[in-house]
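Please read these numbers as outputs of a predicted model, since none were measured by experiment.
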Amino acid sequence: MKMTKIFFVMMISFVFIFCAVEYCPAHIDEGKEGGEQVYRLDKVIVRDHPLKDESMVVTPDVTVINVDKFQKAGSVQNIRDLLSEMLGINVLRSSVTPSPTESIYIRGFDQSRFQVFIDGRPMRLMGRSGYVKTDWTTMPLDNIETIEIIRGSHSLLYPFSMGGAINIITKKGSKTDEIKPRGTATTEFGSYGAQSYSASIEGGLLNLIGYSFAGAHREGDGYLRNNDYNTGSFNARMTLFLPTGGTLTGGWDYVDNKTGYPVINDPSRADYDTSYPDVLEHDVDNFVHGPEGLVYPGGDSYWQKRTNEYSILLDQPLGPGELRAQVYQHESNRDRYWLTSNGTKKENLEIEEKNRGVFLDYLDFELIKNHAFSIGGEYRTQGIPENKDYYEIMSGYFQDVWSVTSPLTLIWGVRYYEFHSDAYKAGFPGMKTATEADKKAHEYRRKENEWCPKVRLDYEVDPNLTLYATVSREMRMP
């Protein structure tokens, strides 16, 4: 904790020192003809991108999807439908049913190797269990403005992003004096009892306050036996447009999802149901349920998750760069019920997770010609209500985007990690057999740290072709 306080004091001091430097915008260049603005997208990461009229922008560093403008063949209901169109991303589409199993891969990396963010706050690393897969089907598009995709580990702005990062940027309302808001309502129906309803409203008041609200409900019977689902979600954003040119946004995201585990439906069993496809007992790979393994009919077999996320986000132009700060909290509760082959009822109830954090970044300040610097850091805790800081994570970074020549760009920097967690010393007999005395004798606070430097060199052969080489080191968290 002491290291964190010192780091943030130093960083805030740097911010105010930079304010004294003559302002020089880093992300907008004035064109030669008619004052045309040319945006340098290689630096637009964890930020609202400026090209809001384009459906998609692709650069060597980042792919930015404009959700409202994007079109594809077929229905677009959730983020997974959009990501299926992106190069380098593989989407497994076994079912539209919500699932906590792996479904998105970036260049072959699963979710244990890349990170997912909403407005820059982490989504995947939650609670004491650490690695929790993102259920993409419960994330509707009604309240999403853009999606940024980073492939590879070269970006220093995303911690723990060994295989890349996906940053989901939400709508935050409009700065307008028009009282009339903009709204949408959608309903869809499909096979196997599938139906979905969603509505959103967005607007502003007095050029001072912006707002965006969205709600959705999805349900269906599913293709396989017992694979029914019922999901409700609500997203809200309220934005205060500050007289200093910045914005202060408060957000709340809520999801309540209940999904049945697909169960064995074997004709050789007395409980066989002819109205569903055959699922033979020895011809499946556990449905990737995880600890439940194969699940059988005859009683409650489902997982349910309720999630509340709260955040306060500040974006503020400051001196030669942009200050970005956020405080957030994640709370979730999960229940699991399932039956084994002999009819034994199993359950794992009230699995609570609590995640809190704060980050502070100062982005794209150009103190030296052709150099765009960024610095930042974060502090977060992960755990359960009775042990909120089971994991304690601190990190800070420095990055320089150096435009060496017109076609050549060098991006380099380093991120430092310090990682604390509850652990037991060697010789601990195990949780099942250990007494309270054993636990007290062996428990300690484990500490790790790591420096992760990264370098990337880009050479633009022509507007449609860029060659690059990158070397990076990254730390993986449990």
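Rounding to the nearest 0.5 Å gives a distance of 6.0 Å between OG1 of T231 and CZ of R218.
A salt bridge is absent between R446 and D422; no separation between the charged side-chain nitrogens and carboxylate oxygens falls under 4.0 Å. With salt bridges taken as basic N to acidic carboxylate O contacts below 4.0 Å, one links K172 and D119. Taking 4.0 Å as the cut-off between side-chain N and carboxylate O, E474 and K454 count as a salt-bridged pair. Here R306 does not pair with E331 in a salt bridge; the nearest charged N to carboxylate O distance is not below 4.0 Å. Salt bridge present: R121 and E309 bring a charged side-chain N and a carboxylate O closer than 4.0 Å. Between E378 and R380, at least one side-chain nitrogen of the basic residue sits less than 4.0 Å from a carboxylate oxygen of the acidic one, meeting the salt-bridge criterion. In this structure, D315 pairs ionically with R324, as a charged nitrogen and a carboxylate oxygen lie closer than 4.0 Å. Between D253 and R237 there is a salt bridge, since a side-chain N of the basic residue sits under 4.0 Å from a carboxylate O of the acidic one.
Annotation: salt bridge (Lys or Arg N to Asp or Glu O under 4.0 Å) contacts involving residues 462-473, sequence neighbours excluded, comprise E450-R473.
Shown here for N308 and W252, the closest heavy-atom pair between the two residues is OD1-NE1, 2.9 Å.
Residues satisfying the side-chain hydrogen bond (donor to acceptor under 3.5 Å, both in side chains) criterion with T184, sequence neighbours excluded, are S200. Partners of F189 according to the ring pair (Phe, Tyr, Trp, His ring centres under 6.0 Å) rule, which considers only residues two or more places apart in sequence or in another chain, are Y197. In this view, R415 satisfies the salt bridge (charged side-chain N to carboxylate O under 4.0 Å, His left out) rule with no residue, not counting sequence neighbours. Residues that satisfy the salt bridge (charged side-chain N to carboxylate O under 4.0 Å, His left out) test with E219, not counting sequence neighbours, are absent from this structure. Residues passing the side-chain hydrogen bond (donor to acceptor under 3.5 Å, both in side chains) test with T247, sequence neighbours excluded: none. Checked against salt bridge (charged side-chain N to carboxylate O under 4.0 Å, His left out), D256 has no partners two or more places apart in sequence or in another chain. Residues that satisfy the side-chain hydrogen bond (donor to acceptor under 3.5 Å, both in side chains) test with S406, not counting sequence neighbours, are absent from this structure. Scanning for side-chain contact (heavy atoms from CB on, under 4.5 Å) contacts around L410 gives W402, V404, W412, V455, L457, with sequence neighbours left out. In this structure Y424 satisfies the ring pair (Phe, Tyr, Trp, His ring centres under 6.0 Å) test together with F428, sequence neighbours excluded. In terms of the salt bridge (charged side-chain N to carboxylate O under 4.0 Å, His left out) criterion, D400 has no residue partners (sequence neighbours excluded).
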List the steps, then state whether side chain to side chain contact (heavy atoms under 4.5 Å, CB included) holds for F373 with V401. CA-CA 6 Å; F373 300 105; V401 180; over 6 Å; no
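Side-chain polar atoms of S374 and Q399 form no donor-acceptor pair below 3.5 angstrom.
The aromatic rings of F365 and Y362 lie parallel to each other, their planes meeting at an angle below 30°, with 60° marking the opposite boundary.
Residue-environment remark: CD1 (I312) stays at or below the threshold of 12 foreign heavy atoms within 6.0 Å.
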Show me the donor-acceptor pairs within less than 3.5 Å that the side chains of residues 174-181 make with the rest of the protein, sequence neighbours left out.
unit_1: S174; atom_1: OG; unit_2: R182; atom_2: NH2; d: 2.7
unit_1: T176; atom_1: OG1; unit_2: E178; atom_2: N; d: 3.0

